[in-house]
K.L.:
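Got a structure for you, written out below as structure tokens; questions coming shortly.
Small disclaimer: the values here were computed from a predicted structure and weren't measured. Whatever order the structure lists them in is the order used to number ligands and atoms, beginning at 1. The residues of the chain are indexed from 1 along the displayed sequence.
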Amino acid sequence: MKMGTALIYDEEMTKYKLLWVDPACKIEVPERLTVSHEALVQSGLADRCVSIPVREATDADILLVHSEEYLEAVKKTPYMTLEDLKEFTLQYGDVYFHPNIYHCAKLAAGAALQLVDSVMTGKVRNGMALVRPPGHHSMRSAASGFCVFNNVAIAARYAKQKYGVKRVLIVDWDIHHGQGVQYSFEDDPSVLYFSWHRYEHQKFWPQLRESDFDSVGKNKGVGFNINVPWNKVGMQNSDYLSIFCHLLLPVAYEFNPDLVLVCAGFDSAIGDPEGEMCATPDIFAHLTHLLMNLAGGKLCAVLEGGYNLTSLAQSVCQTVQTLLGDPAPPPANLDGPCKSALDSLHCVRSAHRQYWSCLKHAADLPTCEISTKRIKVAEEEEEEEKTLDKGEEGNSIEEKVWPEPPKRVTPTIRTAVVLPDGVTCPDGCKRFSSSEDLDPLIISKLKENFLKDADDSDTLSSLSSLAALVEKVEKNEICSGLALVRDVSMATMCVVQHAASAHLRNRVLVVCVGDGKVPSHVTEDGKILVVQFSNKDSEEQKCKYYIPVCLKKGYSDVSGFMHAVLGLLLPLAYEYDPTLVLLVRMSDAGLCEIVWQQLTGLLQGLAQGHMLVLMQDGEKECVGPTASSLLGYPAPSLGQLPAPLPEDVASIESLRHRLKADWKLLQTTAQETGRGDEL
Ligand code: SS9
Ligand code: ZN
């Protein structure tokens, strides 16, 4: 199994800067790299990575994306006088040249290629390259937006050419539209480009018509370009997560990439003077985590923007720490998406529904068009807003403050297992049995509650081990656990009752796969949320906190199941924000192994990875794969998914519609219910 996270950095890339006065370019400073790298060193993260040297991209590498004329022109810049450089710069938008930038641009592209090499040859599982200049704006024959060569576009072509990679997913979470990447792959169905970007009805740089949601790709590549325009500033964690759950992830799983490249710009984080968004640095832990089970975990993040040095450094650390496999921090303030974000989501989903079967059911385009075509209306509104805003808020962006993300402490024991004697402990896990330090009071309570009829000592010891495990997880001494038990229903009741008991103050998310009795009666106070997948028509949902999801064809419809996981379970789970996830595999579950591993992997983004998995003692063959997911190994790819069964989609969608009043992250269109539109 591939291990390790590459970190690619070279100080040389700090050795160029703006040599004249240009307000548009003054934010792109060498310190962007030094503070990011320094933060990784200071936090001990750099030491945990595999350090890989940069190299210069060759002409052949650069020509994978750029024209010869452009390359030749850039090659001359090291010899230009200041006046010549200024003049050369003038033909492009929002970019500057320096005698050493050509060298750095070759190193930046080369760093991305070194990263692809390390991941594709299996030297590491994933990694990040800290580079300057960024790349995503540069085009075949033009520099743009601080970018000289298109590092990520070159990396994608290189991966296809050198390693025969069939499908590359590029996720551009920078706050600017990577138009250079879009142009490079517009008619190429082997590269799926996703970008969200500040747009404001085409008023924000680079102010392109083709950055809107209706640029979906061309010719054979139609459907393989996904633009999410943000038409307001101030987007928050919920807005970003909504887009992931209801758009990017379903499409990405359907696309089934062999490699994921991230245009990792952090100007989409709070405090950034360009983005003016409000998502906190910890959101990048989640965005990263959610991509880590695609492509068998092969993920390469390449730095793009990020102009608030504090926010940038924190965001870089969150990303790298997640790549290293540490559990994600609890997600901050997920109070549902805002109206403008929902409008955007609605438009993109409807623009793409003819290309992706996971979006087939998406709502029609809204009748009053809300993006570019409303530019006139928007302009008028803006004028009004400006006159209103000024007095109150003024230029508040400079003063934006947010708490530093708390230290992510990973317990020394990652995964503990409670297994019957005959079953061997999987590598990397710790066998756990515990009666040692469990309060005798708890034991007698267990006996009383769960062993009324028979005094079965095996069951009692396994239940008390589970109870003790819950406590260790609660104290963050152990991150996750796995238990084979004789009676899954009973063990579930026992764990839930114990975990939700007053002295532990948990919020427990119970995810049950399969029929069987679950604790649906103890769910009124919100301390427990139960989501049960089954193929039997269950009674109507009785309460906000018990959610039966019925998949008629069982779990043979992997697409249907994933549809429910990504569009229903994940948003519910994030909004609920549990402190413990209890994943229960009922004896009749019959869910295929890799889907189960995907589920296990995805859910670990919640509750700081605090997860207990319960399985029936007959399912010994499931122990290894489950343990592997709990230990943070990426789940295998699901392959190219067929369309989900319409029947399943219909029932999942109707459930989502019924629940969205209670759970804001389930919304996919703007109704009266979105977070305030006061931004
Ligand atoms: C400054 C305008 C700068 C160019 C931004 C390029 C970002 C690359 N007010 N516009 S990630
Ligand atoms: Zn940017």
Side-chain angles (χ1 to χ4, degrees), residues 13 16-18 20-33 35-36 89-98 101 104-105 108-109 112 128-139 142-153 170-184 193-200 202-208 211 227-230 233 235 240 261-279 281 283-284 287 301-309 311-313 315-316 319 395 397-398 400:
M13 287 180 284
Y16 76 90
K17 62 175 195 212
L18 179 62
W20 51 84
V21 177
D22 179 352
C25 292
K26 67 167 199 274
I27 55 176
E28 205 294 297
V29 295
E31 290 73 23
R32 296 180 54 242
L33 278 198
V35 299
S36 302
T89 292
L90 274 179
Q91 62 188 311
Y92 308 119
D94 289 20
V95 66
Y96 63 89
F97 279 81
H98 176 283
I101 202 173
C104 294
M128 169 140 207
L130 291 181
V131 303
R132 273 178 83 233
H136 69 153
H137 297 303
S138 72
M139 293 160 273
S144 166
F146 315 147
C147 302
V148 176
F149 298 137
N150 203 312
N151 310 319
V152 167
I170 300 179
V171 177
D172 189 339
W173 71 42
D174 187 280
I175 207 58
H176 299 94
H177 182 218
Q179 84 277 35
V181 186
Q182 171 167 316
Y183 299 152
S184 296
Y193 177 62
F194 167 92
S195 172
W196 62 35
H197 36 268
R198 181 170 172 187
Y199 191 59
E200 296 176 294
Q202 211 181 316
K203 284 208 292 293
F204 190 70
W205 190 90
Q207 296 168 296
L208 301 170
S211 304
N227 284 334
V228 180
W230 298 125
V233 297
M235 294 301 161
Y240 289 6
L261 303 179
V262 179
C263 287
F266 299 102
D267 41 16
S268 43
I270 191 163
D272 192 278
E274 271 289 297
E276 298 187 49
M277 297 301 174
C278 294
I283 199 63
F284 295 102
L287 304 185
V302 181
L303 183 66
E304 299 280 358
Y307 305 99
N308 175 309
L309 299 181
S311 177
L312 170 64
S315 302
V316 166
T319 303
N395 212 356
I397 188 72
E398 318 291 350
K400 211 142 237 157

K.L.:
Short N/O distance, under 3.5 Å, between D94 and ligand 1?
P.N.:
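By distance alone, the answer is yes.
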K.L.:
Rounded to the nearest 0.5 Å, what separation is found between the CG atom of D22 and the OG1 atom of T89?
P.N.:
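Output value for this atom pair is 8.5 Å.
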K.L.:
Counting only heavy atoms, which portion of I27 has something under 4.0 Å from ligand 1: side chain, backbone, both, or neither?
P.N.:
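It is neither; nothing of I27 touches ligand 1.
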K.L.:
Return the name of the atom in D174, of element N, O or S, nearest to the Zn ion (ligand 2).
P.N.:
OD1
K.L.:
Could you check whether any side-chain N or O of Y183 sits under 3.5 Å from a backbone N or O of G178, counting only pairs where one atom can act as donor and the other as acceptor?
P.N.:
no
K.L.:
From the options E304, E274, H176, select the one whose nearest heavy atom is closest to atom 2 (C) of ligand 1.
P.N.:
E274
K.L.:
Quick check: of its N, O or S atoms, which one does D267 have closest to the Zn ion (ligand 2)?
P.N.:
OD2
K.L.:
Kindly assign one of parallel, tilted or perpendicular to the pair Y307 and F146, based on the angle between their ring planes and the thresholds 30° and 60°.
P.N.:
perpendicular
K.L.:
H136 heavy atoms, cut-off 4.0 Å: which ligand 1 atoms fall inside?
P.N.:
11 (S)
K.L.:
With atoms numbered from 1 as shown, which atoms in ligand 1 lie under 4.0 angstrom from a non-hydrogen atom of A24?
P.N.:
1 (C), 2 (C), 3 (C)
K.L.:
Roughly how far apart are T319 OG1 and F266 CZ, rounded to 0.5 Å?
P.N.:
3.5 Å
K.L.:
Using a strict cut-off of 4.0 Å, indicate which atoms of ligand 1 neighbour a heavy atom of G145.
P.N.:
6 (C), 8 (C)
K.L.:
Heavy-atom contact check, 4.0 Å cutoff: does H137 meet ligand 1?
P.N.:
yes
K.L.:
Would you give the length of the straight line joining atom CD of E200 to atom CD of Q207, rounded to the nearest 0.5 angstrom?
P.N.:
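Rounded to the nearest 0.5 Å, the CD-CD separation comes out at 10.0 Å.
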K.L.:
For ligand 1, which atoms sit closer than 4.0 Å to a heavy atom of D267?
P.N.:
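Result: 11 (S).
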K.L.:
Does the gap between the ring centers of W173 and F284 come in under 6.0 Å?
P.N.:
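Close enough - the centres of the two rings lie under 6.0 Å apart.
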K.L.:
Does a salt bridge link E28 with R132, judged by any charged N lying under 4.0 Å from a carboxylate O?
P.N.:
yes
K.L.:
Return the orientation label for the H136 and H176 ring planes: parallel under 30°, perpendicular over 60°, tilted otherwise.
P.N.:
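It falls in the perpendicular class, over 60°.
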K.L.:
Should the pair Y96 and Y16 be assigned to parallel (<30°), tilted (30 to 60°) or perpendicular (>60°) ring geometry?
P.N.:
tilted
K.L.:
Heavy-atom contacts with G305 under 4.0 Å: which atoms of ligand 1 show up? List them by number with element.
P.N.:
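Heavy-atom distances to G305 below 4.0 Å select 11 (S).
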K.L.:
Could you grab the distance from atom SG of C278 to atom CD1 of I283, nearest 0.5 Å is fine?
P.N.:
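Output value for this atom pair is 13.0 Å.
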K.L.:
At the 4.0 Å heavy-atom cut-off, does E28 count as touching ligand 1?
P.N.:
no
K.L.:
Nearest heavy atom to atom 11 (S) of ligand 1: which of F266, Y307, W205 does it belong to?
P.N.:
Y307
K.L.:
I'd like to know whether ligand 1 has G265 as a neighbour, heavy-atom separation below 4.0 Å.
P.N.:
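Outside the 4.0 Å threshold, so no.
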K.L.:
Have a look at H176 and say which of its N, O or S atoms is nearest the Zn ion (ligand 2).
P.N.:
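Of the nitrogen, oxygen and sulfur atoms in H176, the Zn ion (ligand 2) lies nearest to ND1.
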